[in-house]
Amino acid sequence: MITRRTTHPTALRIQILYTGGTFGMADQGAGMEPRSGIAAEVAQIIAGYEEATGRSVEFGYAEFDRVIDSGAADSNTAFRIAQWVRYRVESERPHGVVVIHGTDTMAYVGARVAFELRDLAAPVVLTGAQIPLGQPGSDAQHNVHLVLDSIAARPVPGTYIAFGSGLHPAVRASKRACDDYDGFTTVRQFTPPPSPVASLPHRRSAATPRPVGLLTVFPGLHTDLLSAAIRQYPGGVVLECYGSGTMPHTAEVIETIRTATRRGTPIVVITQCDSGSVDLERYLPGRTLLDAGAISGGDMTREAALAKLAYLVDLGFSSGRLRDWMTTNMLGELSNPAGAPPVSPHEDALTARSR
Ligand code: ASP
C-alpha cells in the first residue's frame, strides 16, 4: 500500500486498487501477461492529470498480491475487491475508489461489486485499457483521467465503468468491443428504482455459498448440457434464452427445469437481445418455462443477472423471496414495471457525466 498525501485542503482524495488486466501488461514472448509493481507509472499518470487540470490529487494505491489477466477472475474476485473497497472507504473516507481491472470480465465483476457495495457512500469506478501503459496508442492514461474527472464531478454513489468516451453504470454495462477505445456499451438504459430498496443483510450467510452459473441456449441444445449446468451450479442458473424468453422446449428440457426449481435451484431467464425484455407470458415456450418454475430476469444484462443471483443466493435467499428480489429493481439493473415513476437524480448525474 502506497499513500501520497498532499496538504491541499481541496485535493481530490481517491483510493486505487490495481488488480491486473491489459492496463499494466507486457509481452515477454509468451503473449501479454499482467505485470505487478506499476505504482510509479500510475503516480505519473496522476501527476499529468494534476498538471493538466490544476487539481491536486491525494491517493492511496494497492495491488492484488497476484495481479491477473481478468479471464482468471473467479466467483470470489468481486467479493475480494468489494471487501478491500469497503475497508478503504471506511478508513480513508475518499471521494471515490478506482479499480484498475482487465476488460474481459470487468462488467461481470463490476456488476457484482455494485451489489456488494450498494450501500457504500462513495462512488467506485472500474477502468482498464485496450493497449498497455507506455505502448504507442495506449488508452491507459486517458481512462484514468476519465475516472478522475468522473469522481471529481461527484457522481451519485454507485459502481461505474469509465472507459473510452463514457461512464457506464456497472449493472447495465457490457464489453462489446475488443478493438475499440470504447470497449463498453450501456446495453440498457439505466433506470433507478422508483423508491429506495429495503436494506438487506450485508454479511454472507453462514452456509458455504452455492455456485451460480450461466448458460446460453442455442438450436440443438442437448438436455444433458442443461442438466450438467444445473448439477454444477446448484445455487442457480441464468438461462440466456431467445427473444422474449423462448428456448428449445422439449418435454425433457422442461422436466429438467421443473425438477431443478422444485429442488431449490432457481432458473432465471434473460434474453440474448440487446433491447426489449423477457416476457414469459407471450409465447407458449415461455409459459411452459414459467409453469416449470422459471423466474423472469426481465431486461437484465447477463452480467447483472448472474451477479444479482449470486449475491442473493450468497445472502441466503431462496424460493419466493429470491423470486421477489430477482424481479425487483434494486439498483438500476432492471427496468421498473410499467407505470412506476422514475427517480431522476441518479439518471441525471449519469447523463451529465457521459460524453
Ligand atoms: N485479457 C485482458 C484482461 O481482461 C483484456 C484487457 O484487460 O483488456 O485482463
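All ligand and atom numbering here is 1-based and tracks the order in the structure.
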For Thr103, is at least one N or O under 3.5 Å away from an N or O on ligand 1?
-> yes
Mark the output for Ala129 as yes if a heavy-atom distance to ligand 1 is under 4.0 Å, and as no if none is.
-> yes
Short N/O distance, under 3.5 Å, between Ile68 and ligand 1?
-> no
What atoms in ligand 1 come closer than 4.0 Å to a heavy atom of Gly21?
-> 7 (O), 9 (O)
Between Thr77 and Asp74: side-chain donor-acceptor atoms closer than 3.5 Å = yes
Which of the atoms in ligand 1, numbered in the order shown and given with their element, are less than 4.0 Å from a heavy-atom of Thr22?
-> 2 (C), 5 (C), 6 (C), 7 (O), 8 (O)
Give yes or no for whether the N/O distance cutoff of 3.5 Å, strictly under, is met between Asp104 and ligand 1.
-> yes
Residue that, paired with Ser70, satisfies side chain to side chain donor-acceptor pair (under 3.5 Å) out of Asp104, Thr105, Thr19 | Thr105
Examine Lys175 against ligand 1 and note whether any of their N/O atoms are separated by less than 3.5 Å.
-> no
min-distance protein heavy atom vs atom 9 (O) of ligand 1 -> Ser70 N, 2.7 Å
Ion pair check, Asp291 and Arg258, cut-off under 4.0 Å | yes
Between Thr186 and His168, is any side-chain donor less than 3.5 angstrom from a side-chain acceptor?
-> yes
Determine whether Val85 and Leu126 fall in the same hydrophobic cluster, where Ile, Leu, Val, Met, Phe, Trp and Tyr are linked whenever their side-chain heavy atoms lie under 4.5 Å apart.
-> yes
Under 3.5 Å, is there a donor-acceptor pair linking the side chains of Gln130 and Thr22?
-> no
